[in-house]
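We count residues from 1, following the sequence as given. Owing to the predicted nature of the structure, the values given are computational and were not obtained by experimental measurement. Note that ligands are numbered from 1 as they come in the structure, with each ligand's atoms numbered from 1 the same way.
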Amino acid sequence: KEIKLFCPATIANLSCGFDVLGLCLATAGDEMIVRASTEKGVRITKIVGADLPLETEKNVAGVAALALLEAFETELGFEIEIYKNIKAGSGIGSSAASSAGAVFGINELLGRPFSRKELVQFAMQGEKLASGNAHADNVAPCLLGGFTLVRSSNPLDIIKIDSPSELYATVVHPQIELKTSDARSVLKQTVSLKSAITQWGNVGGLVAGLYTQDYELIGRSLHDEIIEPVRSMLIPGFDAIKQTAYENGALGSGISGSGPSIFALSKGETNAQKIAYAMSKIYKEMNLPYEIHVSKI
Ligand code: HSE
């Protein structure tokens, strides 16, 4: 028995929601085949499109799969084939797609002993291997779709928020690799009360905007004065890309996850495509190779 999966890319943080907010891109991602076998354990049998370790304990999909199998007794074993489209260190949840895909696939083949929300804790073990930190803001939207809010990570409390029907994302990836661990190490460990007040006002505004499908409110809330000023220095052309996104009708724009990808949200596909064109123009002018995705959320 086997299952073929689409493992979506994700955008974590969404400006104001560092480590707590994330969204799932409906049409960008990896593919994976998970196969049940009679030989116990987990084997990564094939990886296409990336130079990643095949050893189960060194592979994020392997580690996430082992975490699930520690919580569920079975005589079955599993083989995993991974077809990567999302580049490692791109900031759109490459490790999360593999971690979430592995646990989702195994759970299906086992007859769904766990809910999608329960799978998040296992997939987080893959994130821990990838970045040294078991954050859930990519694996949660990858497994649940739409938007997710990690209200608490210990104990895990995840809220799924449906995406407003006309919301689209444009994500551009300048072709450099930025390790999440490096992008975390540059951050200050304290924030001022003034910045914290601004930030939680925006998180509340964004969540309210999503529930009420208020696109203007969503746009007003997409700001980050804590993380973005520090991390954006690591991203070539950040200010120009963000500016062109706004000039071309973006509701908001910021760093995707830990970068270097930059996202913009917009109402309707036409706007999202227009932003993609404008962003491409900037990186072409800079002679910088890039990849771009437009996706419904
Ligand atoms: N919230 C995490 C970070 C996401 O920004 O470090 C990493 O993809």
Can you sort out which atoms of ligand 1 are near [X], meaning under 4.0 Å from one of its heavy atoms?
X	answer
D19	1 (N), 2 (C), 3 (C)
T180	6 (O), 7 (C)
F18	3 (C), 5 (O), 6 (O)

Under 3.5 Å, is there a donor-acceptor pair linking the side chains of [X] and [Y]?
X	Y	answer
S37	R43	yes
H173	Q175	yes
Q199	D224	yes

Is the contact between [X] and ligand 1 made by the side chain, the backbone, both, or neither, using heavy atoms and a 4.0 Å cut-off?
X	value
N133	neither
D137	side chain
N13	side chain
R231	side chain

Of the protein's non-hydrogen atoms, which lies at the shortest distance from [atom], and what is that distance?
atom	value
atom 3 (C) of ligand 1	R184 NH1, 3.2 Å
atom 7 (C) of ligand 1	H135 CE1, 3.5 Å
atom 8 (O) of ligand 1	N138 OD1, 2.9 Å

Salt-bridge present (D182, R184; N to O < 4.0 Å):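 Looking at R184 together with D182, the answer is no, because their closest N to O distance does not fall below 4.0 Å.
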
Shortest non-hydrogen contact from V191 to A196?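 Closest heavy-atom pair between V191 and A196: CG2-CB, 4.2 Å.
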
Which atom of L23 lies closest to which atom of L25, heavy atoms considered: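 Taking L23 first and L25 second, the nearest heavy atoms are CD1-CD2, 3.8 Å.
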
How many angstroms lie between CD1 in I226 and OG in S195, if you round to the nearest 0.5 Å?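 Between I226 CD1 and S195 OG, I get 5.0 Å after rounding to 0.5 Å.
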
